[in-house]
Amino acid sequence: IEHLDRQFFALALNNERIFFDEFQTMYSHQWGKNTLVIHRLFQLFDKDADNSLNFEELANGISISIKGSFDERMQLCFRVFDINEDGFVDISEFSAILESQLRTILEDQDDITSVILSYVSIIFVDKEKLNFANFKDLIHLQPI
């Protein structure tokens, strides 16, 4: 947490808050140019919805993602995929997040499309949307 504290306040300067650009800088080494996932995490960590993070919001979000219970981490993962925040993950949301992840490791769009279609055909075989319980069950069967 001490390292996080130093990194946060180095980026926040005198503002005591960081904005999306600083947050993205903090996590670009981990997530690459995956701005969709980074943007979703930023939104989810920003509890007061002021488009910035104070240290407490950042520390709480990171704490859940690293040391949270299995259910807390799965809930965070589910909420990353639930882009429109309606409590469900549909095929387009799932595909958008998966594509943003795959772009960090694959260059060929045909390869990306093939992987997405493969996952969609397995995960959405008998449903158009996933609720949290469906999502968690699928993670056990087919880790993303």
Separation between CD1 of I116 and OG of S121, rounded to the nearest 0.5 Å: 12.0 Å
Sidechain N-carboxylate O distance under 4.0 Å for E85, R40: yes
Side chain to side chain contact (heavy atoms under 4.5 Å, CB included) between I62 and K67, worked out: CA-CA 8 Å; I62 290 172; K67 294 191 178 220; over 6 Å; no
Non-hydrogen atoms of E93 and F88 that approach each other most closely: OE1-O, 3.0 Å
Check: F42 ring centre within less than 6.0 Å of F19 ring centre: no
Distance, nearest 0.5 Å, that separates CZ of F45 from CG of L58: 7.0 Å
Over all atoms of both residues, closest heavy-atom pair of L76 and G61: CD2-O, 4.5 Å
Side chains of L130 and K127 in contact at under 4.5 Å (non-hydrogen atoms): yes
F78 and M74, any side-chain heavy atoms less than 4.5 Å apart: no
Exam field: side chain S95 to backbone S92, donor-acceptor pair closer than 3.5 Å: no
Pair S52-D50, side-chain hydrogen bond (donor to acceptor under 3.5 Å, both in side chains): steps then yes or no: CA-CA 5 Å; S52 67; D50 68 350; 3.1 Å; yes
Where L36 and A96 come nearest, the two heavy atoms and their spacing: CD2-O, 3.6 Å
Minimum side-chain heavy-atom gap E99-T113 below 4.5 Å: no
Polar side-chain atom of D111 near backbone of D108 as donor-acceptor pair, under 3.5 Å: no
Nearest heavy-atom neighbours spanning F124 and V89: CE2-O, 3.7 Å
Spacing of CG belonging to L117 relative to CD1 belonging to I122, to within rounding of 0.5 Å: 11.0 Å
Gap between atom CG of N134 and atom CG of D126 - 0.5 Å precision: 8.5 Å
Donor-acceptor contact below 3.5 Å, side chain D110 vs main chain S114: no
Heavy-atom pair of closest approach, residues N131 and A133: OD1-N, 3.1 Å
Side-chain heavy-atom pair Q43, N51 within 4.5 angstrom cut-off: no
Pairwise side-chain contact, I112 with R103, heavy-atom cut-off 4.5 Å (strictly under): yes
Min side-chain heavy-atom separation F94-Y119 under 4.5 Å: yes
Sidechain N-carboxylate O distance under 4.0 Å for E57, R17: yes
Pairwise distance CD(E56) to CG(L53) - rounded to 0.5 angstrom: 11.5 Å
Mutual orientation of the aromatic rings belonging to F135 and F81 [parallel < 30°, tilted 30-60°, perpendicular > 60°]: tilted
Close side-chain approach of D48 and D46, heavy atoms under 4.5 Å: yes
R73, E72, R79 screened by side chain to side chain contact (heavy atoms under 4.5 Å, CB included) with Q75, the one that passes: R79
Separation between CG of D82 and CZ of F132, rounded to the nearest 0.5 Å: 11.5 Å
Cluster check V120, V125: I/L/V/M/F/W/Y, side chain < 4.5 angstrom: no
